[in-house]
Amino acid sequence: MTAYDMLSEPIRKYIRDKKWESLRPIQEAAIQKIMTTDTHYVLISRTASGKTEAAFLPILSKVNFKEQGVKVLYISPLIALINDQFTRVEQLCAYLDVPVTKWHGEASKGQKDRLIKDPAGIMLITPESIEAMFVNKPYNVRHLFSNLEYVVIDEIHSFLGSDRGVHLQSLLNRLQKINHKKFSIVGLSATVSDANQYMELKDFLGTSENTRIIRDNTPKPINAVFKYFPGTVEELPLDLLKDLYVRTRESKVLIFPNARGRVEEVAVKLKQISDKVGGHKNYFAHHSSVDKEVREYVEFFAKNSTLQNFAISCTSTLELGIDIGNVDEVVQIDATHSIASLIQRVGRSGRREDKASNLFLYATNGWSLIQSLACWLLYKEQYIEPISVNKKPYDVLVHQILSIVKSRSGITLRQLLEEFAGNAAFKDIAATETEEIIEHLKEIDFLEKLGNEYIIGIEGEKLVNTKDFYSLFSTPTFFKVGSQGVKIGELPLSPQIRENENIYLSARTWKIIDVDYQTKKIEVIPAKDGKKPTFLGDGTDTAHQIRQKMLEVLVSKEEFDFLDTTGQEIVNMLRKEFSIFDINHPETDRPLLVSNEKLTFYSFTSSKINRTLSFIMNVLGVDHQLDKDILFEIEYSQSDFVSTMKNIDWEAMNLDKVMTDMAEDIPKMLDFSKWGIYLPLHYQAELLKSRYFDFEGCRDYLQRLRCIEN
DNA sequence: GACCTGCTGCGGTCTG
């Protein structure tokens, strides 16, 4: 039977009405599989290849919507994505007379109430909204979700390897627990490519036996051009901006400059150039600190401007699948931190099938150029960095203990432990550990014991009853920026924020005229010029494989035809610098430059291992400085350094004690974990050891390391 | 030099 014939008649009519000539490959395959089995699937194919329909066409054909309850639950990491998908799914469902309901913090209360009265059809929701329902209205969870047949998870890669992902995994397990039957899961992604990631995906959804990957590997031609313009951290070189302007003035373009301040700089300066030469005025900035309504306007403009060109300078806010229509070109300024990110960004251009993707990569310094090249080469090899999975997510466990206790009016220790026993998110945490953590939560009054049963304690109430409870991540305080009642965006408090200072925000220039510390508001008026705003970033870690590839680029002789002349010159210059080292095995060899009483150790490894190396050097009294996350400047004799690092007595270092002391003395270290601070100290130490540092990777790295001296 | 993500319930006011 053809895939088309397998679908139900209303869905076939939808396809005919849409005048689709054929089904896309991913749709063909998904229909065949989903219609005939109940296994979990992950559909992998590039952006705009019809993944959403690949999941929904068969699911809607198969599911019996006559039964009571929500039958299909669609989960998305972003509200904006839910709103986009709602329109598409609703169109489809019009053929079936099946209700579709949006359920997130900004969705209509009336629609939600209507669904409670008559639970049916499809629901689109965020993980945090599921959490909120579990905590506040556990009876609604049963009422709505005990008849679920399918769960669709969009942009599933964005959950892998993060606390938010573990949280979602726990929620899925809790949903399955209250469900009458076993529901099937379909994950969607454009950014998964190797076997390691397949395993993690399968683990995430269940087991490798009951999860299958369906993948469309059709390559998409990409025209990549690398350009090099030396610049400073303060400002982008004018030549780069001029070149960028000329290249993009007659197209629809997304520009990714990596940092919010720089996003503003690019938007403002391109607009200035355009103004001067009478070009179009559609230059925008899009990032998390631009006011939400302004951002929505920018998205709307992009989606609906078929004739007008535009340039949106943005951060990762436009990396995921929000529908912004067709983009001709993608520009990346300086290297991405990950290959995954590069894949998502490249995928945003040339969405139409017949069009190639156009990618421009600008580098403003040598190291960034080399990292950019490394990412690009790995991308072409279809390599992607491994996901670092949190095997023992003690902090998420704290959150879920509070959530479960709150959702019950009293629960015994045995019942509570049973809740976690079958929960795959915590399968590597022993029951005795969970018990110890519960006991600690009681000691700090987060839980209270009434007779045989646990309830939320006095301190716990303070957290559980705030809206901040539902998420696994925390956000810093921002000041709202406005001008005469018009919302513009928000900025963190920094020395730069004071009266009469000029700043960029939302692609315009402003003068600060008032800062109100009480109401956390900044009043501004339009100005002629300004400076890019400072944000206090928390950084992103770069993987070992990218750094190793950088070294490979430096020791190879390959000429890159996609690189401009100045770029190739810089590569040649750096290669010449490194030619004094006899590097034959980039997987083990690392350059060690020995000069008058100073060493330069080029570690070429992940941010986490660099952080760990730096920590170890501190413990061993090796005076050093880590520069650009690439090299260590060391005040130490060369023979001593090599033997010290090769012969570390890990036992004597007493890591557990050092980490516990660190957690106690510097609580700020745990800032990366919103719920970790409520754990007993030695568990906090475990989090530091496995999440902030990477001792396992570091030991392995040092064991293989061969320092190659000049 | 450094990204992003989400949010209840209740009481008040406004609108049809």
Side-chain angles (χ1 to χ4, degrees), chain A residues 75-83 102-107 109-110 112-113 125-138 140 154-155 157-165 167-168 171 231-236 256-263 265 286-290 292 295 313-322 332-338 340-342 344-345 363-365 367-368 371 399 403 406-407 461 463-476 478 492 494 532-542 607 611 626-630 672 674:
Chain A
I75 303 173
S76 148
L78 302 177
I79 288 179
L81 207 53
I82 289 182
N83 295 341
K102 283 188 272 191
W103 192 294
H104 56 64
E106 291 166 20
K109 178 93 172 22
K112 292 180 187 170
D113 291 344
I125 199 166
T126 59
E128 286 73 16
S129 284
I130 303 178
E131 175 62 53
M133 206 189 291
F134 263 116
V135 169
N136 298 309
K137 303 270 180 72
N140 273 350
D154 209 349
E155 305 280 8
H157 67 275
S158 74
F159 291 110
L160 291 182
S162 76
D163 283 352
R164 203 179 181 201
H167 184 203
L168 175 58
L171 293 171
T232 63
V233 286
E234 297 306 318
E235 263 190 305
L236 281 172
F256 291 95
N258 288 348
R260 283 171 286 180
R262 190 137 266 183
V263 162
E265 185 191 355
H286 193 289
H287 55 79
S288 67
S289 299
V290 170
K292 201 175 166 86
R295 281 161 66 178
S313 177
C314 57
T315 57
S316 49
T317 46
L318 287 184
E319 212 174 82
L320 293 185
I322 303 171
Q332 174 66 44
I333 300 179
D334 285 326
T336 53
H337 292 284
S338 71
S341 194
L342 181 65
Q344 289 286 136
R345 292 175 186 187
T364 63
N365 69 72
W367 287 116
S368 162
Q371 183 162 325
H399 180 257
S403 167
K406 163 80 184 178
S407 71
E461 287 286 350
L463 287 174
V464 169
N465 291 327
T466 61
K467 61 184 169 80
D468 208 35
F469 179 73
Y470 313 111
S471 69
L472 263 289
F473 48 88
S474 43
T475 32
F478 281 99
S494 73
K532 65 177 181 184
T534 335
F535 293 92
L536 314 153
D538 46 7
T540 348
D541 291 339
T542 296
S607 312
R611 200 179 290 143
L626 174 60
D627 192 13
K628 296 183 190 72
D629 205 20
I630 296 277
F672 64 87
K674 182 166 158 188

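Excluded from the calculations below are hydrogen atoms, water molecules and symmetry mates; all remaining heavy atoms, backbone and side chain alike, are included. Note on naming: letters A, B, ... go to the chains in the order of the sequence lines (proteins, then strands), and numbering restarts at 1 for each one.
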Side chain to side chain contact (heavy atoms under 4.5 Å, CB included) with A/N140: which residues, sequence neighbours excluded?
-> A/I116, A/M133, A/K137, A/H143
Phosphate OP1/OP2 of B/dG1 contacted by A/R262 side-chain N/O (<4.0 Å) = no
Partners of A/T317 by side chain to side chain donor-acceptor pair (under 3.5 Å), sequence neighbours excluded?
-> A/H286, A/T315
Set of ring-ring contact (aromatic ring centres under 6.0 Å, His included) partners for A/H157, sequence neighbours left out = none
Side chain proximity check, A/E319 to A/S341, heavy atoms < 4.5 angstrom = yes
Base-paired stretches in DNA chain B with three or more consecutive Watson-Crick or G-U pairs, both distances under 3.5 Å, amount to none
Separation of atom NE2 in A/H286 from atom C1' in B/dT5, rounded to whole Å | 13 Å
How would you label the contact of A/Q344 with the nucleic acid (heavy atoms, under 4.0 Å): base, sugar-phosphate, or nothing?
-> nothing
Could you check how far CG of A/L81 sits from C1' of B/dC4, rounded to whole Å?
-> 14 Å
Summarise how protein sits on nucleotides 6-11 of chain B as a single string, 5' to 3': B when a protein heavy atom is under 4.0 Å from the base, S for sugar-phosphate-only contact, - for no contact.
-> BBBS--
To the nearest angstrom, how far is A/N365 atom CG from B/dG1 atom C1'?
-> 10 Å
To the nearest Å, give me how far apart CG (A/L342) and P (B/dC3) are.
-> 18 Å
Could you check how far CZ of A/F256 sits from P of B/dA2, rounded to whole Å?
-> 17 Å
Qualifying residues under ring-ring contact (aromatic ring centres under 6.0 Å, His included), relative to A/F469, sequence neighbours excluded = A/H399, A/W675
For B/dT5, does OP1 or OP2 lie under 4.0 Å from any side-chain N or O of A/R295?
-> yes
Note, A/R164 side chain near A/L168 side chain (heavy atom, < 4.5 Å) | no
Please name all residues satisfying side chain to side chain contact (heavy atoms under 4.5 Å, CB included) with A/T475, sequence neighbours left out, ordered by chain then number.
-> none
Between B/dT5 atom P and A/D163 atom CG, what is the distance in whole Å?
-> 17 Å
Just to confirm, is there a sub-4.0 Å distance from OP1 or OP2 of B/dC4 to any side-chain nitrogen or oxygen of A/T317?
-> no
Which residues share a side chain to side chain contact (heavy atoms under 4.5 Å, CB included) with A/K292, sequence neighbours left out = A/E106, A/E296
Residues which pass side chain to side chain contact (heavy atoms under 4.5 Å, CB included) with A/A363, listed by chain and number, not counting sequence neighbours | A/Y228, A/D334, A/S368, A/L369
Provide, to the nearest angstrom, the distance between the NE2 atom belonging to A/H157 and the P atom belonging to B/dC4.
-> 15 Å
In whole Å, what is the span from the CG atom of A/D334 to the P atom of B/dC3?
-> 13 Å
